[in-house]
Amino acid sequence: MLTNLKYDVFISHASEDKSDVARPLAALLINAGLTVWIDEAELTLGDSLRRNIDLGLASSRFGVVILSTSFFSKEWPQKELDALVAREDGRAKVILPVWHGVSSSQIAEFSPLLADKLSVSTSRGVPYVAEAVLQAIQVQLSDAEVPLATKPSLAVGPIRISQVLGEFVDRLEARYTKSDQVTGLRTGFVDFDALVSGLKSDELHALASRPAVGTTALALNIVSNVAQELTGTVLYFSPRASASDLLVRIVGSVGKIEHRHLRALRLSEPGWQRLIAAMEVVDQLPIYIDESADITIEDILMRSRAKAQEVGAISLIVIDRLDHVAGCESPLEAEVALRQLRLLARELSSPILAVLPVLRSAESRINKRPLLTDIYCRDGVERNAHLTLFLYRDKHYNQETSDTEIAELIVARNRGGMTGMVKLRYDENLLRFENLALMTSSDPQAPDVPF
């Protein structure tokens, strides 16, 4: 990290965006105590524009880049961006992207590097952008142990509805362009994704069941599907199971190798070949597992933010299970944690899936399918979770059932959306859930058998 620099922030923008974004953003950051380079404030009569821009770039710690259709077409802003890109060395963050009236597809076409970075949109208002910039700078300098003067917090107040409308129009446009009814994160389970339109990207979701029904297996299957299909970064907090145990589960599921055979390494020749192929796939997956047994909710918040800053964006965060997180052993403590996770999902624009237990009361009924009244920390889930999901397998309770491979994923609560139940196939030998459409005897990768 460079030290003794004159400016905290260099604002790179097209002239068309000066009055609407750059100028008010600079004023808010300056009022918050930051030193800001913006061309109209630094240039005086007779100055060289190019020389002053070069000096401003060289003397600034961070570059706020206001990306818009006007920015894409201008020569000078792109030169400024090139200079900022050259400053990034993979360790310290330099570029802070701000999206102004552009879609993710436009950003990706202009610069895949910028499309992969965590960004903030002006659709939520310039004060919100200023708060996000200030927070990012404070976290970065704190991590680098560079002192930052005490600065007042920016207050994010009410925003006009028209500012939110732009983001809504972008989502409509993206949905129309893709002709896709699934607007959230795809889990890989097509019937479930169709029912709830995927996991909403800035919301907390709860998944619960009784022990040994398969919530960890389902959560890992979703993680694997997201990482494989979207090549999106996934962060998995596991205070119960070790990373090596979870790796065995993921490799076995990807390679369709029976769990007990994989653990004992009793594989046939085709099984070894599938194991090698599965390990090659898993090796490339952007999955990060935190196996800290004594992790707290504060640790989860801090490490999630740090990983988002490192990789640019997180496609999915999973906590398995919340009641095993230190300080969340009681329903009251868990309720506070759920609220913090809901706020984190909104802050990072990442869906968060919290795995929770179902209370023993569910087994006292003839029909043992869980109800909302059975979930651990019911009040906290009701107040904070967008989706409340239950996993149920009849075979777990009734060995005589004809539905030996059927699992029910129950959408018990969906804020503003449909509820219902979808059926999945569960292979308990593989610890693998599948869409029912994949149930076929002609599968070329049938489960492995031992020697």
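Start at 1 with the first residue, then count along the sequence.
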Distance-minimising heavy-atom pair for Tyr288 and Lys307: CE2-NZ, 3.3 Å
query: More than 12 foreign heavy atoms under 6.0 Å from CZ of Arg360: is that the case here?
result: no
- request: Compare all side-chain heavy atoms of Ile406 with those of Leu436 and state whether any distance is below 4.5 angstrom.
  value: yes
message: Could you go through Leu28 and Leu134, starting from their C-alpha distance and side-chain angles, then the distance that decides it, and tell me whether this counts as side-chain contact (heavy atoms from CB on, under 4.5 Å)?
response: CA-CA 10 Å; Leu28 287 168; Leu134 180 62; over 6 Å; no
task: Quick one: pull up CD in Glu203 and OG in Ser350 and give me the separation to the nearest 0.5 Å.
output: 12.0 Å
message: Assess the residue pair Lys423 and Asp191 against the criterion (salt bridge (Lys or Arg N to Asp or Glu O under 4.0 Å)); give the C-alpha distance rounded to whole Å, side-chain angles, the decisive distance to 0.1 Å, and a yes or no.
response: CA-CA 8 Å; Lys423 291 185 177 182; Asp191 291 337; over 6 Å; no
- prompt: Do side-chain atoms of Arg378 reach the backbone of Thr373 as a donor and acceptor pair under 3.5 angstrom?
  reply: no
field: Asp374 versus Ser361, side-chain donor and acceptor atoms under 3.5 Å
entry: yes
- request: For a side chain to side chain contact (heavy atoms under 4.5 Å, CB included) with Ile352, tell me which candidate from Ile314, Ile319, Leu338 qualifies.
  value: Ile319
task: Determine whether Leu387 and Phe192 make a side-chain contact, defined as any pair of heavy atoms from C-beta on separated by less than 4.5 Å.
output: yes
task: Grab the two heavy atoms, one from Asp320 and one from Arg240, that are nearest each other, plus how far apart they are.
output: OD1-NH2, 3.3 Å
- line: With sequence neighbours left out, the residues meeting side chain to side chain donor-acceptor pair (under 3.5 Å) with Asp290 are Ser292, Arg303
query: Are Lys395 and Glu428 close enough for a salt bridge, meaning some N to O gap below 4.0 Å?
result: yes
query: Would you say His13 and Ile38 make side-chain contact, with heavy atoms under 4.5 Å?
result: yes
- prompt: Do the charged groups of Arg186 and Glu229 touch, with an N to O distance under 4.0 Å?
  reply: no
query: What residues form a ring pair (Phe, Tyr, Trp, His ring centres under 6.0 Å) with Phe110, not counting sequence neighbours?
result: Phe72
- prompt: Which atom pair, heavy atoms only, marks the closest approach of Asn225 to Gly188?
  reply: ND2-CA, 3.8 Å
task: Would you please test Glu382 and Arg413 for salt bridge (Lys or Arg N to Asp or Glu O under 4.0 Å) and show each step?
output: CA-CA 9 Å; Glu382 183 177 344; Arg413 191 164 181 268; 5.0 Å; no
message: For Arg346 and Asp202: C-alpha separation, side-chain torsions, deciding distance, then whether salt bridge (Lys or Arg N to Asp or Glu O under 4.0 Å) applies.
response: CA-CA 4 Å; Arg346 179 167 295 186; Asp202 56 354; 5.0 Å; no
query: Heavy-atom distance under 4.5 Å between the side chains of Gln106 and Trp99, does that happen here?
result: no
- prompt: Hey, are the side chains of Ile317 and Leu341 touching, using non-hydrogen atoms and a 4.5 Å cut-off?
  reply: no
query: Passes side-chain contact (heavy atoms from CB on, under 4.5 Å), Gln228 versus Val281? Steps please.
result: CA-CA 8 Å; Gln228 288 185 79; Val281 171; 3.7 Å; yes
- request: Return yes if some donor-acceptor pair links the side-chain N/O of Asn429 with the main-chain N/O of Glu258 below 3.5 Å, else return no.
  value: no
task: Go through the steps for Phe71 and Ile66 under the test side-chain contact (heavy atoms from CB on, under 4.5 Å), then give the verdict.
output: CA-CA 7 Å; Phe71 186 97; Ile66 301 171; 5.6 Å; no
message: Can a donor-acceptor pair be found, under 3.5 Å and without considering hydrogens, that links the side chain of Arg425 to the backbone of Glu405?
response: no
message: Nearest 0.5 Å, please: how far is CD1 in Ile250 from CG in Leu431?
response: 11.5 Å
- prompt: Are any of the side-chain heavy atoms of Leu25 and Val36 separated by less than 4.5 Å?
  reply: no
message: For Asp8 and Thr35, which I'm curious about, is there any donor-acceptor pair between the side chains at under 3.5 Å?
response: yes
Shortest non-hydrogen separation from Ile257 to Gly271 and the atoms involved: CD1-O, 3.9 Å
field: Side chain Arg393, main chain Ala212, donor-acceptor under 3.5 Å
entry: yes
message: Could you walk me through whether Thr216 and Arg249 satisfy the side-chain hydrogen bond (donor to acceptor under 3.5 Å, both in side chains) test, starting with their C-alpha distance in whole Å, then the side-chain angles of each, then the deciding distance to 0.1 Å, before giving a yes or no?
response: CA-CA 10 Å; Thr216 293; Arg249 284 171 168 255; 5.4 Å; no
message: Please determine whether the number of non-hydrogen atoms from other residues, nucleotides or ligands lying under 6.0 Å from atom CD of Glu298 exceeds 12.
response: yes
- prompt: Is a donor on one side and an acceptor on the other found under 3.5 Å between the side chain of Asn414 and the backbone of Thr419?
  reply: no
query: Passes side-chain contact (heavy atoms from CB on, under 4.5 Å), Leu372 versus Phe390? Steps please.
result: CA-CA 9 Å; Leu372 288 170; Phe390 292 115; 4.2 Å; yes
query: Do Phe237 and Ile295 come within less than 4.5 Å of each other through their side chains, counting heavy atoms only?
result: yes
query: Side-chain contact, heavy-atom cut-off 4.5 Å: Val251 with Leu275?
result: yes
task: To the nearest 0.5 Å, tell me how far Leu262 CG sits from Arg274 CZ.
output: 11.0 Å
field: Minimum heavy-atom distance Thr122-Gly101, with the two atoms named
entry: OG1-N, 4.3 Å
query: Using a distance-only test with no angle check, is there a side-chain donor-acceptor pair under 3.5 angstrom linking Arg321 and Thr215?
result: no
task: Check whether any side-chain N or O of Asn398 sits under 3.5 Å from a backbone N or O of Asp394 as a donor-acceptor pair, and report yes or no.
output: no
Spacing of Ser315 atom OG and Leu185 atom CG [to the nearest 0.5 Å]: 6.5 Å
task: Would you mind listing every ring-ring contact (aromatic ring centres under 6.0 Å, His included) that reaches into residues 201-226, with sequence neighbours excluded?
output: His205-His386
task: Please report the closest heavy-atom contact between Ala334 and Leu322, naming both atoms and the distance.
output: O-CD2, 4.2 Å
query: Out of curiosity, Phe433 CZ to Leu220 CG, how far, rounded to the nearest 0.5 Å?
result: 10.5 Å
query: Between Lys256 (side chain) and Ser253 (backbone), is there a donor-acceptor pair under 3.5 Å?
result: no
field: Arg432 CZ to Asp427 CG distance, which is reported to the nearest 0.5 Å
entry: 9.0 Å
- prompt: Do you see a donor-acceptor pair shorter than 3.5 Å between the side chains of Thr296 and Asp299?
  reply: yes
